[in-house]
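Proteins come first, then strands; the chains are lettered A, B, ... in the order of their sequence lines, and each starts at number 1. Just the heavy atoms: all of them, side chains too, but no hydrogens, waters or symmetry mates, feed the values below.
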Number of protein chains: 2
Amino acid sequence: MVPRPCSVQAALAVIGEKWSLLAVRELAFGVHRFDSIVRNTGAPRDILTNRLRRLESAGVVEKRQYSEHPPRFEYHLTEAGSELRPVLLSLGQWGDRWAVDVPTVRFEHTCGEALELVHTCKACGGEVTGRDLKAEQLTSDWTSAA
Amino acid sequence: MVPRPCSVQAALAVIGEKWSLLAVRELAFGVHRFDSIVRNTGAPRDILTNRLRRLESAGVVEKRQYSEHPPRFEYHLTEAGSELRPVLLSLGQWGDRWAVDVPTVRFEHTCGEALELVHTCKACGGEVTGRDLKAEQLTSDWTSAA
DNA sequence: CCTAGTGGGTTGGAAAAGTCAACCCACATC
DNA sequence: GATGTGGGTTGACTTTTCCAACCCACTAGG
């Protein structure tokens with residue numbers, strides 16, 4: 001029996017390791033230097049080194065040299081990395097509501113207001129609460145063992 | 001130096017361990033039995049046992065007994081767990097786009113159409129792309145070491 | 001010149017987590 | 001009586017993670 005082929009699992013294979021998403025969060029927050037990411041996440045240095053390498057080879061992060069002697073690098077989100085922001089936002093909102101007493105981060109939208117994220121269906125425009133949806137496996141050669 | 005206090009990190013502390021979110025995915029897909037979750041995720045049995053315990057004590061999952069002799073249980077999402085669906089959706093959509101060649105799961109909204117998720121700002125109704133937002137630390141006693 | 005600090009790592013060893021295969025028990029089915 | 005299922009537990013083994021220390025090239029201060 002083979003596990004369910006799934007884009008959630010594929011995404012987690014890229015950003016699901018411990019510290020990876022926190023590193024992405026820092027980059028999204030505009031923190032680009034190794035030492036700062038270490039301090040702000042609390043990640044061990046060697047692990048962070050490893051994570052940044054993996055994120056880089058997965059195309060989520062890119063290294064930019066800002067000094068030659070000695071060689072020094074900044075880390076930036078690629079387009080793929082940038083598109084993780086909705087993931088961070090929904091995760092943060094869930095955390096605010098269910099895993100934390102007092103909100104610790106305020107996201108501000110360009111409209112000037114505090115961002116409260118609403119997930120809507122592109123087709124009908126209606127809000128997606130999560131309760132009102134079904135999942136259907138597209139890969140025909142896979143059968144769930146329910 | 002203390003790490004950044006953050007709801008993303010708080011959320012990850014609850015559902016960020018390996019296999020946890022895949023287990024939640026199965027529950028969201030309507031798979032409620034231990035053996036099926038094992039098969040569909042590929043998680044080792046002992047780890048899954050552990051994860052379900054942790055998710056349960058975090059209030060994301062609840063156990064329901066459906067047989068007495070022998071005692072048998074089903075796992076269901078609580079309200080907190082159910083609200084992880086947007087996280088799964090945005091993660092899945094990111095995976096579809098950046099981590100997988102061919103989409104493997106189709107989500108259908110109650111409107112009957114295939115769900116394509118759009119993230120909008122509740123205040124102005126505009127789409128949130130991720131590029132157009134700022135994060136601000138609310139905890140005043142924390143200073144970023146950028 | 002000497003010292004301290006910064007940036008981006010690497011190294012080694014100990015502790016924790018994950019993996020795998022086997023086992024268990026209570027029932028149901030054939 | 002043999003086989004299967006559901007929901008685990010156990011023990012041995014492997015892999016990750018963690019932590020503290022170290023390194024090197026440079027900069028800034030006195």
Return the value, rounded to whole Å, for the distance between atom [atom1] of [X] and atom [atom2] of [N].
| X | N | atom1 | atom2 | result |
| --- | --- | --- | --- | --- |
| Q65(A) | dG9(C) | CD | C1' | 14 Å |
| Y66(B) | dT5(D) | OH | P | 13 Å |
| D35(A) | dT10(C) | CG | P | 13 Å |
| I37(B) | dG7(D) | CD1 | P | 9 Å |
| L52(B) | dG6(D) | CG | P | 16 Å |
| F73(A) | dC24(D) | CZ | C1' | 14 Å |
| K63(B) | dG7(D) | NZ | C1' | 9 Å |

- Message: Is any side-chain heavy atom of I47(B) closer than 4.5 Å to one of T49(B)?
- Response: no
Report each atom pair, protein N/O against N/O of nucleotides 14-19 of chain D, whose distance is under 3.5 angstrom.
{"unit_1": "dT17(D)", "atom_1": "OP1", "unit_2": "R51(A)", "atom_2": "NH2", "d": "2.6"}
{"unit_1": "dT17(D)", "atom_1": "OP2", "unit_2": "R51(A)", "atom_2": "NH2", "d": "2.8"}
{"unit_1": "dC18(D)", "atom_1": "OP1", "unit_2": "K18(A)", "atom_2": "NZ", "d": "2.8"}
{"unit_1": "dC18(D)", "atom_1": "OP2", "unit_2": "W19(A)", "atom_2": "NE1", "d": "2.6"}
{"unit_1": "dC18(D)", "atom_1": "N4", "unit_2": "D46(A)", "atom_2": "OD2", "d": "3.4"}
{"unit_1": "dC19(D)", "atom_1": "N4", "unit_2": "D46(A)", "atom_2": "OD2", "d": "2.5"}

- Message: Quick test of your reading: applying ring-ring contact (aromatic ring centres under 6.0 Å, His included), list the pairs with at least one residue in residues 42-85 of chain B, sequence neighbours left out, ordered by first then second residue.
- Response: H32(B)-H76(B)
- Query: Is any side-chain nitrogen or oxygen of R33(B) closer than 4.0 Å to OP1 or OP2 of dT5(D)?
  - Reply: no
- Compare side-chain N and O positions of Y75(B) against OP1 and OP2 of dG8(D) and report whether any pair is under 4.0 Å apart. yes
Going by atom type alone, with no hydrogens or angles, which donor-acceptor pairs under 3.5 Å involve a side-chain atom of residues 8-18 of chain A and a protein atom two or more places apart or on another chain?
{"unit_1": "E17(A)", "atom_1": "OE1", "unit_2": "R54(A)", "atom_2": "NE", "d": "2.7"}

- For residues 88-104 of chain B, which residue pairs qualify under salt bridge (charged side-chain N to carboxylate O under 4.0 Å, His left out), counting only residues two or more places apart or in two chains? E79(A)-R97(B), E83(A)-R97(B)
Any side-chain to backbone donor/acceptor pair from [X] onto [Y]? Under 3.5 Å, distance only.
| X | Y | value |
| --- | --- | --- |
| Q93(A) | L117(A) | yes |
| T78(A) | G59(A) | yes |
| S20(A) | R51(A) | no |

Please list, pair by pair, any protein nitrogen or oxygen found under 3.5 Å from a nitrogen or oxygen in nucleotides 25-30 of chain C.
{"unit_1": "dC27(C)", "atom_1": "OP1", "unit_2": "H69(B)", "atom_2": "ND1", "d": "3.1"}

- Task: Could you list the residues that satisfy salt bridge (charged side-chain N to carboxylate O under 4.0 Å, His left out) with E56(B), not counting sequence neighbours?
- Result: none
- Task: Flag the pair R4(A) and E26(B) as a salt bridge only when some basic side-chain nitrogen lies within less than 4.0 angstrom of an acidic carboxylate oxygen.
- Result: yes
